[in-house]
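Indexing begins at 1, ligand by ligand and atom by atom, following the structure's order. A quick note: this is a predicted structure, and the numbers were derived from the prediction, not measured. The figures that follow rest on heavy atoms only: side chains count, while hydrogens, waters and symmetry mates do not.
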Amino acid sequence: MDDFFNRSFSDSDSDDNPIYVARDPRKDKHFDRKQELLWNCKGKAGKVGQGKKPLVIAVIGPPGCGKSSFLNTIFAAFSHDCWTEHAKYGEFGRRDKQVTRRLKSFQKKVYYTDKDEYLLPTFLDMTGFEDENTPLNKELLRIVFCGKLGEDEELNEVRNFGELYGVNAVREKYFGENYFGIYKKQDSKFSNPFWKYLDFSVILNREEYLRVNRIIVVCSANPHQQLPESLFEAVSDITNRERDITLYGVLTQADKYKSRDQRVLKREREFMRALGIPKNRFARIKNYCPDIDPNMTYEDTIIPSLDVPVLRLMRQLLTAEPTDQDYEHRQTKNGKCVPNLSNPCVALIAAAVIVALVLFVLFVLFKLCVLFLRI
Ligand SMILES: Nc1nc2c(ncn2[C@@H]2O[C@H](COP(=O)(O)OP(=O)(O)OP(=O)(O)O)[C@@H](O)[C@H]2O)c(=O)[nH]1
Ligand SMILES: [Mg+2]
């Protein structure tokens with residue numbers, strides 16, 4: 001097949017850097033830089049057996065800003081062959097419904113095809129957050145960051161629950177230590193009044209699913225859209241006060257504006273200021289999307305020029321932090337990875353094994369004594 005360059009780019013507004021889509025990505029001038037950054041990322045992520053766990057990265061932001069598209073762009077950046085729609089994306093607002101409604105996690109094995117032992121992160125995609133700094137919205141953020149929302153669960157259901165029973169009920173349901181209780185369902189499916197009284201749901205203290213280590217806040221670069229500053233306030237509040245999580249920021253739809261567009265530059269500054277993040281934790285990016293390449297050639301290839309800014313951000317994001325602890329393992333002085341006995345669970349198992357061994361030795365001694373006494 002011809003290896004010509006498909007000179008396709010956004011027909012909207014303007015673009016000072018047209019996106020070239022090469023059928024053979026090795027012919028793209030950004031190809032070598034992409035490979036270099038990929039190695040940097042893998043080096044930072046580390047390998048299995050080094051006392052680390054894969055990071056959990058949550059991608060959050062207002063509805064329809066390009067969160068799922070951004071995740072697919074990250075996966076393409078980690079790939080050598082082509083873009084794939086792992087996270088479902090689409091046009092927001094058709095039926096006033098968000099495209100992503102349930103929490104979806106993407107582990108390395110889902111998006112990465114190489115057979116190596118690098119600890120590439122697990123990413124979380126979810127529904128967009130409302131632009132509110134209310135106690136309920138903060139509680140929803142806390143639930144996500146502390147890993148209390150499980151796979152395929154809907155954040156909007158938690159919101160509805162909170163609106164019905166109040167924020168304290170949400171807190172108790174998701175964080176209540178040793179809290180076991182029942183609450184009466186409002187929407188009982190039984191018409192018989194007797195059964196209605198028995199239709200309760202049990203509230204249990206929730207297991208931790210995927211505790212978040214890093215957050216990427218995504219927003220559109222569109223300068224005509226209001227920045228969700230109340231949401232940013234709530235996010236900063238929770239990450240500073242409740243948990244020590246590092247925030248990163250991404251503005252999508254960079255393809256629609258000139259890189260020196262003053263309105264977008266102003267938005268960038270306001271975005272970073274509102275989130276309290278420095279420039280090295282920020283990226284303005286172009287997602288893989290039909291606006292970039294209407295023929296969607298990227299279903300058969302990758303576009304290194306889109307991957308490079310994403311991998312630069314990933315390299316920063318994968319840099320180890322003191323809070324990235326693996327509670328199940330620790331590293332010895334000579335670099336070995338051994339179970340961490342300060343973890344209550346591992347300590348309990350270790351104690352049980354020791355007790356079993358002692359009992360076994362006592363039993364053998366007892367048997368030997370009996371044998372000697374008989375002789
Ligand atoms: N031109 C352009 N369009 C984009 C970009 N990123 C996303 N889009 C488009 O924006 C629309 C929404 O993208 P999604 O990725 O579904 O957004 P989302 O934030 O996941 O949406 P919800 O899950 O509904 O909250 C889609 O039509 C995308 O093609 C981008 O960088 N440039
Ligand atoms: Mg989505």
Next item on the list: Tell me which part of Cys289 gets within contact of ligand 1: side chain, backbone, both or neither, using heavy atoms under 4.0 Å.
Entry: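 Within the 4.0 Å criterion, Cys289 contacts ligand 1 through side-chain atoms alone.
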Quick one: does [X] get an N or O within less than 3.5 Å of an N or O on ligand 1?
X	answer
Asn287	yes
Pro63	no
Tyr89	no
Thr252	no
Ala254	no
Gln253	yes
Gly66	yes
Asp255	yes
Lys256	no

Test: [X] and [Y] ion pair at under 4.0 Å:
X	Y	result
Arg273	Glu270	no
Arg26	Asp32	no
Lys34	Asp307	yes
Glu268	Arg284	yes
Asp237	Lys138	yes

Check: What distance separates Met314 CE from Tyr248 OH, expressed to the nearest 0.5 Å?
Finding: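 OH of Tyr248 is found 9.0 Å from CE of Met314.
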Margin query: Given Gly90, Cys219, Gly64, Ser69, identify the one with the heavy atom nearest to atom 26 (C) of ligand 1.
Written below: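 Answer by nearest heavy atom: Gly90.
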Notebook entry, point to check: Quick one: which ligand 1 atoms are inside 4.0 Å of a heavy atom on Asp291?
Noted result: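 Matching atoms, with element in brackets: 1 (N), 2 (C), 3 (N).
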Next item on the list: For Ser68, counting its heavy atoms only, list the atoms of ligand 1 lying under 4.0 Å from any of them.
Entry: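 Per the distance check, 15 (O), 20 (O).
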Notebook entry, point to check: Can any side-chain N or O of Asp131 pair as donor or acceptor with the backbone N or O of Leu231 at less than 3.5 Å?
Noted result: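 At least one qualifying donor-acceptor pair exists.
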Notebook entry, point to check: So which of Glu233, Arg159, Glu132 actually passes side chain to side chain donor-acceptor pair (under 3.5 Å) with Asn137?
Noted result: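 In the set Glu233, Arg159, Glu132, the residue that makes a side chain to side chain donor-acceptor pair (under 3.5 Å) with Asn137 is Arg159.
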Notebook entry, point to check: Does the shortest distance from the Mg ion (ligand 2) to an N/O/S atom of Thr127 fall below 2.8 Å?
Noted result: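 Given the 2.8 Å cut-off, Thr127 does not count as a ligand of the Mg ion (ligand 2).
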Next item on the list: Indicate whether the side chain of His80 and that of Asp114 have a donor and an acceptor atom separated by less than 3.5 Å.
Entry: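 Side chains of His80 and Asp114: pair found under 3.5 Å.
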